[in-house]
Student: 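Quick one: structure below, then a few questions.
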Amino acid sequence: MSKNTLYDKVWDSHTVAKLDSGQDQIFIGLHLIHEVTTPQAFGMLKEIGAGVAFPDRTMGTVDHIIPTLSQIRPYEDEQAEKMMAALEQNVNEFGVRFLHLDSGKQGIVHVIGPELGLSQPGMTIACGDSHTSTHGAMGSLGFGIGTTEVGHVLATQTLALNRMKVKRIEVTGALGPGVTPKDVTLRVIHDLGIKGGLGFAYEYGGDVFDAMSMEGRMTVCNMSIEGGARIGYVNPDETTFDYLEGREFSPEGDAWERGLAYWRDIASGEDAEYDDIYEIAGESIEPMVTWGINPGHSVGISQPLPEVDSFSGEDRKTAEHGYEFMDLKPGEAISGTKVDVAFLGSCTNSRISDLREGARLMKGNKVHPGVRMLVVPGSQQVKQQAEDEGLHEIFKEAGAEWREAGCSMCLGMNPDQLVGAERSISSSNRNFIGRQGSPRGRTHLGSPAVVASSAIAGCITDPREMGESA
């Protein structure tokens with residue numbers, strides 16, 4: 001088993017008890033909640049007459065169902081209105097802090113945690129959303145949990161969990177022009193598969209991560225779950241500390257100095273031992289795009305689509321289904337595939353750096369007449385910053401729709417959905433059948449640079465053909 005890694009240190013320091021089941025009872029330092037997985041969880045508390053154990057360690061927002069066009073109440077979607085009303089009632093009843101639409105801080109739960117300084121190194125963080133692995137970019141352990149577990153955390157501030165093994169993903173060298181953190185995570189999933197991380201926490205390291213921004217690290221950690229790993233993290237360093245300093249919930253004064261000492265100490269030691277190590281040369285990564293029906297169905301944008309014979313067993317059947325559903329053929333080029341929709345947003349790629357990259361490529365260009373483009377910032381604070389920088393004007397002048405903060409077309413639990421068999425290029429994290437709202441809709445995943453380039457060209461396009469990444 002692994003030894004002296006950040007995972008081991010944080011896990012051990014948060015272990016409350018060893019349970020008869022063989023699991024460890026882990027204390028949760030921060031619980032983030034939203035509207036989709038909380039109604040039943042709060043209902044559980046009411047049934048047993050319990051309160052929220054640590055309201056000061058709980059923070060709520062609304063993101064999945066929130067409309068990004070018209071936010072007039074009641075919402076047109078009756079189910080969305082019910083979920084929103086239930087969350088508002090429950091946070092008031094149980095004394096939980098809530099970032100409502102009038103707060104100026106509402107947004108996607110995995111965007112607001114880091115940007116407010118709620119998510120910090122050495123923490124255990126839980127949320128009723130699988131992409132809680134995002135927070136591992138801060139050097140924390142982020143657990144995506146189900147509705148029943150949400151109830152358990154509300155009532156006890158703990159989770160019963162099985163200890164995982166630790167696999168280090170080492171990306172060496174440097175990334176080439178036009179290659180982004182989204183391409184790194186798609187490459188990891190391409191190489192190791194969607195089941196490669198089962199039973200593991202992924203520790204990301206190496207030259208590429210040392211040089212990567214915090215927002216880039218969030219993108220990679222976000223999609224750890226797509227590779228089968230429940231947790232992905234990066235060891236905290238000066239980049240982490242610089243990002244956190246001065247944020248609303250970050251410690252100050254003497255508390256900041258104590259925090260720095262702890263954060264440096266919980267990083268994996270030089271003598272850390274791992275259960276597995278996988279290396280990728282950064283120079284070998286190019287812009288990646290998915291072609292099939294899971295995030296592992298990806299290819300370098302200059303490469304031909306893989307032959308079915310390169311898969312075996314159930315993977316071959318899935319690949320065959322993927323080609324049939326996506327109306328593509330092995331050996332074809334992914335570049336040049338016509339798209340109907342371009343979506344720039346989601347908890348993977350809706351931060352200010354993502355919007356800046358999209359705007360850089362869109363500036364002076366127009367969205368193709370056959371493409372509908374949505375640009376959706378990840379939080380109200382990101383939206384305000386983008387507007388302060390004039391990015392929204394660039395998108396609007398190009399012909400894109402500039403929306404309010406929310407999950408939007410990532411998962412289609414709101415009005416932003418594909419129609420019929422529309423094909424999208426999306427900066428989100430999942431390309432499952434029906435994921436973007438239409439059972440016949442077809443989704444390709446790519447970086448913000450690929451999304452913007454493709455929106456302009458009307459087909460999947462290598463951003464390196466549009467000029468080097470800034």
Side-chain angles (χ1 to χ4, degrees), residues 67-70 77 182 186 287-295 297-299 301 305 321-329 332-346 348-350 354-355 357-359 361-362 365-377 392 394-404 406-463 465-466:
T68 64
L69 189 57
S70 171
D77 185 318
K182 181 63 163 287
L186 286 173
M288 302 285 292
V289 181
T290 62
W291 54 265
I293 54 176
N294 69 51
H297 287 163
S298 65
V299 67
I301 201 164
L305 298 180
H321 187 197
Y323 276 125
E324 179 183 8
F325 182 82
M326 298 295 288
D327 192 24
L328 297 172
K329 293 182 175 59
E332 291 181 334
I334 191 68
S335 184
T337 303
K338 179 183 176 294
V339 296
D340 306 295
V341 177
F343 171 57
L344 176 50
S346 83
T348 316
N349 284 123
S350 64
D354 303 312
L355 301 186
E357 177 65 0
L361 289 162
M362 299 300 297
N365 289 304
K366 294 289 184 183
V367 175
H368 189 277
V371 175
R372 172 169 56 110
M373 184 179 191
L374 274 67
V375 182
V376 186
H392 66 310
I394 294 174
F395 288 120
K396 291 195 290 186
E397 287 172 9
E401 297 180 36
W402 177 248
R403 298 295 192 89
E404 302 292 335
C407 291
S408 185
M409 195 178 275
C410 174
L411 77 168
M413 288 186 70
N414 51 74
D416 300 346
Q417 301 183 7
L418 295 182
V419 177
E422 283 185 325
R423 184 185 299 272
S424 79
I425 179 69
S426 174
S427 67
S428 54
N429 44 48
R430 288 182 176 167
N431 55 334
F432 303 150
I433 294 174
R435 171 72 177 181
Q436 292 192 291
S438 169
R440 294 191 295 127
R442 295 166 290 184
T443 300
H444 297 275
L445 304 178
S447 70
V450 170
V451 170
S453 301
S454 303
I456 296 164
C459 58
I460 293 176
T461 298
D462 189 335
E465 298 176 3
M466 309 286 290

Student: For residues Leu374 and Ser408, determine if any side-chain heavy atom of one lies less than 4.5 Å from a side-chain heavy atom of the other.
Tutor: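 The answer is yes; the side chains approach within 4.5 Å.
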
Student: Please check: side-chain N/O of Gln417 versus main-chain N/O of Gly412, any donor-acceptor pairing under 3.5 Å?
Tutor: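 Judged by distance alone, yes, a pair lies under 3.5 Å.
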
Student: For residues Val375 and Leu355, determine if any side-chain heavy atom of one lies less than 4.5 Å from a side-chain heavy atom of the other.
Tutor: yes

Student: So which atom in Ser454 and which in Val339 form the shortest heavy-atom distance, rounded to 0.1 Å?
Tutor: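 Smallest interatomic distance, heavy atoms only, reads O-CG2, 4.1 Å.
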
Student: In terms of heavy-atom contacts, does CD of Glu332 have more than 12 from other residues, nucleotides or ligands at under 6.0 Å?
Tutor: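 Enclosed.
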
Student: Look at the side chain of Asp340 and the backbone N and O of Val371, then say whether any donor-acceptor pair between them is shorter than 3.5 Å.
Tutor: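 Not a single qualifying donor-acceptor pair exists.
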
Student: Step by step, would you call Asp327 with Arg423 a side chain to side chain contact (heavy atoms under 4.5 Å, CB included)?
Tutor: CA-CA 10 Å; Asp327 192 24; Arg423 184 185 299 272; 4.0 Å; yes

Student: May I ask you to test the Ser298-Thr290 pair for a side-chain heavy-atom distance under 4.5 Å?
Tutor: yes

Student: Counting C-beta onward and ignoring hydrogens, is there a side-chain heavy-atom pair between His297 and Met326 closer than 4.5 Å?
Tutor: no

Student: Shortest non-hydrogen contact from Thr443 to Leu445?
Tutor: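 Where Thr443 meets Leu445 most closely, the heavy atoms are CG2-CD2, 4.0 Å.
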
Student: Would you say Ser426 and Ser428 are linked by a side-chain donor-acceptor pair, where the criterion is simply a distance under 3.5 Å?
Tutor: yes

Student: Specify the closest pair of heavy atoms between Gly420 and Ser438, including all atoms of both residues, with the distance to one decimal.
Tutor: O-OG, 2.5 Å

Student: Give, for atom CZ of Arg442 and atom CG of Leu328, the distance between the pair rounded to the nearest 0.5 Å.
Tutor: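 Between Arg442 CZ and Leu328 CG, I get 8.0 Å after rounding to 0.5 Å.
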
Student: What's the shortest heavy-atom distance between Val376 and Glu404, and which atoms?
Tutor: CG1-O, 3.2 Å

Student: Checking the side chain of Lys366 only, and the main-chain atoms of Glu397 only, is there a donor and an acceptor separated by less than 3.5 Å?
Tutor: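 Yes, the answer is positive, given that a donor and an acceptor are paired below the 3.5 Å cut-off.
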
Student: What's the verdict on side chain to side chain contact (heavy atoms under 4.5 Å, CB included) for Ile301 and Met288, showing C-alpha distance, side-chain angles and the deciding distance?
Tutor: CA-CA 5 Å; Ile301 201 164; Met288 302 285 292; over 6 Å; no

Student: Contact between Met362 and Val367 at the side-chain level, heavy atoms closer than 4.5 Å - yes or no?
Tutor: yes

Student: Please check: side-chain N/O of His444 versus main-chain N/O of Ser424, any donor-acceptor pairing under 3.5 Å?
Tutor: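 Side chain of His444 to backbone of Ser424, a donor-acceptor pair under 3.5 Å: no, none is there.
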
Student: Between CG of Leu344 and CD of Glu357, what distance do you get to the nearest 0.5 Å?
Tutor: 10.0 Å

Student: What's the spacing between His392 NE2 and Glu401 CD if we round to 0.5 Å?
Tutor: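 Here the rounded value is 15.5 Å.
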
Student: Check whether the side chains of Ser335 and Asp462 place a donor and an acceptor atom closer than 3.5 Å, and report yes or no.
Tutor: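 Absent: no donor and acceptor within the cut-off.
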
Student: Testing the basics here: between Ile460 and Ile334, what is the closest heavy-atom pair and its distance to 0.1 Å?
Tutor: CB-O, 3.7 Å

Student: Is there a side-chain contact between Phe343 and Leu418 (heavy atoms, below 4.5 Å)?
Tutor: no

Student: Of Asn349, Asn429, Thr348, which meets side chain to side chain donor-acceptor pair (under 3.5 Å) against Lys182?
Tutor: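 When Asn349, Asn429, Thr348 are each tested with Lys182, the side chain to side chain donor-acceptor pair (under 3.5 Å) holds only for Asn349.
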
Student: With a 4.5 Å heavy-atom cut-off, do Phe432 and Asn294 have their side chains touching?
Tutor: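 Yes, side chains in contact.
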
Student: Any idea how Tyr323 and Trp291 line up, ring-wise: parallel (<30°), tilted (30 to 60°), or perpendicular (>60°)?
Tutor: parallel

Student: Ignoring hydrogens, what is the shortest heavy-atom contact between Ser346 and Ser427? Give both atom names and the distance.
Tutor: OG-O, 3.4 Å

Student: Determine whether Cys459 and Thr461 make a side-chain contact, defined as any pair of heavy atoms from C-beta on separated by less than 4.5 Å.
Tutor: yes

Student: Between CG of Asp416 and SG of Cys410, what distance do you get to the nearest 0.5 Å?
Tutor: 11.0 Å

